[in-house]
Structure formats: C-alpha cells, structure tokens
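All residue numbers refer to positions in the sequence shown, counting from 1. On a predicted model such as this, the values are computed, not experimentally measured, just so you know.
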Amino acid sequence: MSSIETVNNYGGLGHALWEPGIHNVSSFTTSGSGTGAVFAIEVGDGGIMENISVTTKGSGYARNDTITVVGSQIGSGGESLTFSVSEVS
C-alpha cells in the first residue's frame, strides 16, 4: 500500500448544488486505511464534474480503494462524490 498517483471512475458525475470552481478537499472517507491525501476537484458549469487531481499523495492507499467526498465539500450540498484510486506508487 502506497501513495495515490491517479484516480478514476468519476466522469460525467454532477449535481446542481456543486459549485463551479476548484475545490481542495482533504476531508473524505475511504474504503481502505490510507491517510493524508488531498484532491483538487474541478467542477464546471451546472455542477458537472470535470477533473480530479491528486495534489498530496498521502500514504497507505491501495489500488481500487473507494474515496467518498460529501457534497458540502464541493458546494452547498447535494449527493456525495465517489471515485476510485487507480494507481499507487
């Protein structure tokens, strides 16, 4: 288990309450035991998910760990955003 390099399985997601812009998120739940990662979550017009970048890789993550971010972290509410760890180093 190591640091997150990339994530996937988030394309096309969105919610009207997610605010456009880049949201730096360090508070989330994971299906694994990793800690310390930070993500830059980019939301476009209409609350559509555009990109997720790993800005701090953290440690203890494994491939296919599921990351869940509550909607209030990327806007004024709405559904949670869930995505997967695709590569670790």
query: Can you tell me how far the CG atom of Asn64 sits from the OG atom of Ser31, to the nearest 0.5 Å?
result: 8.5 Å
message: For Thr29, give me all partners under side-chain hydrogen bond (donor to acceptor under 3.5 Å, both in side chains), at least two apart in sequence or on another chain.
response: none
task: Considering non-hydrogen atoms only, spot the tightest contact between Gly58 and Ser3 and give its length.
output: O-OG, 2.8 Å
Name every donor-acceptor pair, under 3.5 Å, that has one atom in a side chain of residues 69-83 and the other anywhere in the protein, sequence neighbours excluded.
none

field: By side-chain hydrogen bond (donor to acceptor under 3.5 Å, both in side chains) - contacts of Asn51 (at least two apart)
entry: Tyr10, Ser53
- prompt: How far apart are the closest heavy atoms of Ala37 and Lys57, and which atoms are they?
  reply: CB-O, 4.1 Å
message: Could you see if Val85 belongs to whatever hydrophobic cluster contains Leu13? Use Ile, Leu, Val, Met, Phe, Trp, Tyr and a side-chain cutoff under 4.5 Å.
response: yes
- line: Value for CD1 (Ile52) from CD1 (Ile41), rounded to nearest 0.5 Å, stands at 5.0 Å
- prompt: Could you state the interatomic distance from CE (Met49) to CH2 (Trp18), rounded to the nearest 0.5 Å?
  reply: 4.5 Å
message: For residues 18-45, which residue pairs pass the salt bridge (charged side-chain N to carboxylate O under 4.0 Å, His left out) check, not counting sequence neighbours?
response: none
query: Roughly how far apart are Ser2 OG and Tyr61 OH, rounded to 0.5 Å?
result: 12.0 Å
query: Do Ile4 and Val38 share a hydrophobic cluster (ILVMFWY, side-chain heavy atoms under 4.5 Å, transitive)?
result: no
- prompt: Taking Thr6 for the side chain and Ser86 for the main chain, is one N or O donor matched with an acceptor at less than 3.5 Å?
  reply: no
task: List for me each residue that meets salt bridge (charged side-chain N to carboxylate O under 4.0 Å, His left out) alongside Glu87, sequence neighbours excluded, and say none if there are none.
output: none
- request: Indicate yes or no: at least one non-hydrogen side-chain atom of Phe39 is less than 4.5 angstrom from one of Val54.
  value: yes
